[in-house]
Amino acid sequence: MSSSDNPQRELNRAMREAVDFVHAEGWDAGPTLFALVPSTLVQDQLAQLDATDDAPLTLVVQDNLPEGIEPGSEELVDYVSRVAWPHEVAGVVLAQEIMFKDVSADSPEPRPARLFSGALREEGVELTLLQLRPTEEELEAAGPFAQDDIQLRGGPNVAPGVIAALRYSLGQDPDELD
């Protein structure tokens, strides 16, 4: 489904677009699920898509998440794992706010954070990023535009359950469901 020789780079770029989208919505938001669709499939359909944009994947926000599903909950993982994506969907990204306990920090108290998890259909092409919510003290110390300074962390096995649910949803055949 990928049109380039570097599907990991495609996912990285799509994840950054998802981060920017969710960041623009502000904190204290519900989970956001994105389908990643090859841009060539949507260029003719979307007039606002910049013809000079060379992004191989386009984010498509899924507006149909059920009300009341809490970020970081088993219900969210269960819901995501039951979604069956059409074959044209190259991958998915889930953004959610969680409480993150950084054991390497001075204060091991949990902090609000955003968790971005994404996967492409290609085996092994996945990424999870974490954005800690800045404290009031951090914002004051950093200056007037500190809120726009997005710092992301990542690493292997950050949210294996979420990645597994995304992978499972990509493997389901929507034509075989009820």
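Side-chain atoms are counted along with the backbone in the values below, which use heavy atoms only and exclude waters and symmetry mates.
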Quick check: is M99 connected to V162 through a chain of hydrophobic side chains (ILVMFWY, heavy atoms under 4.5 Å apart)?
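V162 does not cluster with M99.
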Are L11 and L152 connected, step by step, through hydrophobic side chains (Ile, Leu, Val, Met, Phe, Trp, Tyr) whose heavy atoms are closer than 4.5 Å?
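Yes, L11 and L152 fall within the same hydrophobic cluster.
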Taking side chain to side chain donor-acceptor pair (under 3.5 Å) as the definition, give me every residue that meets it alongside [X], ordered by chain and number, with sequence neighbours left out.
X: R111; result: E138
X: E97; result: none
X: Q8; result: N12
X: Q62; result: none

Set out, in order, the CA-CA distance, both residues' side-chain angles and the distance that settles side-chain contact (heavy atoms from CB on, under 4.5 Å) for L132 and Q151, then state yes or no.
CA-CA 8 Å; L132 291 176; Q151 296 184 20; over 6 Å; no
Passes side-chain contact (heavy atoms from CB on, under 4.5 Å), L57 versus R13? Steps please.
CA-CA 8 Å; L57 297 173; R13 183 173 180 167; over 6 Å; no
Heavy-atom donor-acceptor pair, [X] side chain to [Y] backbone, under 3.5 Å:
X: S81; Y: Y168; answer: no
X: R167; Y: L120; answer: yes
X: R114; Y: L129; answer: no

Checking P71 now: which residues fulfil side chain to side chain contact (heavy atoms under 4.5 Å, CB included) with it, not counting sequence neighbours?
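P71 satisfies side chain to side chain contact (heavy atoms under 4.5 Å, CB included) with P31, Q96 once adjacent residues are dropped.
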Of all the heavy-atom pairs spanning [X] and [Y], show the shortest one and how long it is.
X: F116; Y: M15; value: O-CE, 3.4 Å
X: A113; Y: F100; value: CB-CB, 3.9 Å
X: T58; Y: S39; value: OG1-OG, 2.7 Å
X: G161; Y: V77; value: O-CG1, 4.2 Å
X: A119; Y: L170; value: O-CD1, 3.6 Å

Residues 19-37 vs salt bridge (charged side-chain N to carboxylate O under 4.0 Å, His left out), sequence neighbours excluded, gives R16-D20, D28-R133
Pairs where residues 57-70 contributes a residue and the test salt bridge (charged side-chain N to carboxylate O under 4.0 Å, His left out) is met, not counting sequence neighbours:
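Passing the test, one end in residues 57-70: no pairs.
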What residues, two or more places apart in sequence or in another chain, satisfy salt bridge (Lys or Arg N to Asp or Glu O under 4.0 Å) together with R9?
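For R9, no residue satisfies salt bridge (Lys or Arg N to Asp or Glu O under 4.0 Å) once neighbours in sequence are set aside.
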If the condition is ring-ring contact (aromatic ring centres under 6.0 Å, His included), which residues does F21 pass it with, not counting sequence neighbours?
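F34.
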Pairwise distance [atom1]([X]) to [atom2]([Y]) - rounded to 0.5 angstrom:
X: L94; Y: L65; atom1: CG; atom2: CG; result: 7.5 Å
X: L130; Y: S117; atom1: CG; atom2: OG; result: 9.5 Å
X: I98; Y: L76; atom1: CD1; atom2: CG; result: 11.5 Å

For V92 and V80, what are the C-alpha separation, side-chain angles and deciding distance, and is it a side-chain contact (heavy atoms from CB on, under 4.5 Å)?
CA-CA 10 Å; V92 292; V80 168; 6.0 Å; no
Could you please spell out the steps behind the side-chain contact (heavy atoms from CB on, under 4.5 Å) verdict for L59 and L36?
CA-CA 5 Å; L59 295 173; L36 300 177; 3.1 Å; yes
Heavy-atom distance under 4.5 Å between the side chains of S73 and Y79, does that happen here?
no
Distance-only donor-acceptor pairs under 3.5 Å for side chains of residues 153-160, two or more places apart:
from: R153; atom 1: NH1; to: D102; atom 2: OD2; distance (Å): 2.8
from: R153; atom 1: NH2; to: D102; atom 2: OD2; distance (Å): 3.4

